[in-house]
Amino acid sequence: MPELPEVEVFRQTFNSSALNQKVARVEVLDDIILENISSRAFQMKLKGATFQATHRHGKNLFVQLDTEETMMLHFGMSGSLKYGKDGEEEPEYSRIIFNLNNGYNLYYVSPRKLGRIGVVEDEADYIVENKLGPDTYSDDFTWDVFKNIMKGRRGIIKSSLMNQKLMAGIGNVYSDEILFHSNIYPFTVVHEINDKELKTIFDNIKMVFEKVINTKLKGKKFPKNFLVLKRSEGAECPICGGRIKREKFSGRSSYYCEAHQKKNLGPN
DNA sequence: AATATTGTTCAGCA
DNA sequence: GTGCTGAACAATAT
């Protein structure tokens, strides 16, 4: 489920495993994963390179190489990174395998093949070219920044939160989670949300991401009051005991509590 | 067998 | 220009 928190966990896991290792060989099991680069060219660029540093922007993971280039990984709707010793069974749905000099392998796993890996010259350029908004977990993403992004928005709050060009990292599941804790109905139009409630949403972006990242890093279960555990029509709301409803919008399901997530009336 | 699924992009339209 | 919708991508899980 790679939204920002999952990608951040991949990054930290990468840092404690494959970082500073040298690539001995790259196996491309399915080149549909490669973005704007042939299998051969990708192998040329990666072979012999050392993974020097990692950065994350939204749902994108950047791995800086010692060759002045940077590998960019995106995980699509399904996808993950796995690390394992050579000789052990490779994970199911591995699409790209990096054989490392230390006898371990890094596996890019993508069951539905919607993820992409590319090589870019510069991370900052990539973010600009793809018009990505600020990373929502960064310290630079402040209340003021968020407030200004939301000013004058005409659409619904959920779409705005999920719009990667406005702000990067929030997807379907955690946009629901954020609004669930903010007592806001996902289809509320932005201009009907007052500053106090917007601030609550902002605080909950940080809260949800921090909790999810910590939960996953420690391999724990989600907090009991999280909606993510109750994503099904008619489930009981873990906050107020109300009913969880499901509503579709452009092919995607939104879950919310009918009882405590109300539409807001009147601007500011 | 039918339906749902975490992301992104694009066409068509209001 | 903004925003909404549905389709497409490809595949798995229930």
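Residue numbering restarts at 1 for every chain, and letters A, B, ... go by the order of the sequence lines.
Here dT5(B) is the nucleotide among dT2(C), dT5(B), dT8(B) with the atom lying nearest to any side-chain atom of Arg246(A). Between dT2(C), dG7(B), dA4(B), one nucleotide has an atom nearer to the side chain of Lys248(A) than all others, and that is dA4(B).
Look at Asp195(A) and Lys199(A) and you find no salt bridge, because none of the NZ, NE, NH1 or NH2 atoms lies under 4.0 Å from a carboxylate O. Salt bridge absent: Lys230(A) and Glu236(A) never bring a charged side-chain N and a carboxylate O closer than 4.0 Å. By the 4.0 Å N-to-carboxylate-O rule, Arg25(A) lies close enough to Glu27(A) to be salt-bridged with it. Ion pairing between Arg243(A) and Glu258(A) fails under the 4.0 Å rule for side-chain N and carboxylate O.
An OP1 or OP2 oxygen of dC4(C) is reached within less than 4.0 angstrom by a side-chain nitrogen or oxygen of Ser159(A). An OP1 or OP2 oxygen of dT5(B) is reached within less than 4.0 angstrom by a side-chain nitrogen or oxygen of Tyr255(A). When the side-chain nitrogen and oxygen atoms of His74(A) are compared with OP1 and OP2 of dG7(B), none of them lie within a distance under 4.0 Å.
Rounded to whole Å, the distance from OH on Tyr174(A) to C1' on dG7(B) is 14 Å. When rounded to the nearest whole Å, the span between CG of Asn60(A) and C1' of dG7(B) equals 11 Å. Going from atom CE of Met162(A) over to atom C1' of dT9(B) covers 13 Å, rounded to whole Å. Taking atom CG of Leu161(A) as the reference point, atom C1' of dG3(C) lies 15 Å away to the nearest angstrom. Here dG7(B) presents its C1' atom at 13 Å from CZ of Phe10(A), a figure rounded to the nearest Å. Atom-to-atom, CD of Glu3(A) to C1' of dT5(B) comes out at 12 Å; the value is rounded to the nearest Å. Counting to the nearest Å, the P atom of dG7(B) and the CG atom of Leu132(A) are 14 Å from each other. In this structure, Asn163(A) places its CG atom 13 Å from P of dG7(B), rounding to the nearest Å.
Remark: aromatic rings of Tyr83(A) and Tyr104(A) are close, center separation under 6.0 Å.
For the P atoms, the distance linking dG6(C) with dT5(B) amounts to 15 Å, nearest Å. Separation of the P atoms belonging to dA10(C) and dT3(B) is 22 Å when rounded to the nearest angstrom.
Under the Watson-Crick or G-U wobble criterion, with both distances below 3.5 Å, dG3(C) is paired with dC13(B).
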In B/S/- notation, 5' to 3', how is nucleotides 5-14 of chain C contacted by protein heavy atoms closer than 4.0 Å?
-> BB--BBBSS-
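Within a 6.0 Å sphere centred on CG of Asp139(A), heavy atoms belonging to other residues, nucleotides or ligands number 12 at most.
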His260(A) and Phe180(A): ring-ring contact (aromatic ring centres under 6.0 Å, His included), yes or no, with the steps?
-> CA-CA 8 Å; His260(A) 84 260; Phe180(A) 177 76; 4.9 Å; yes
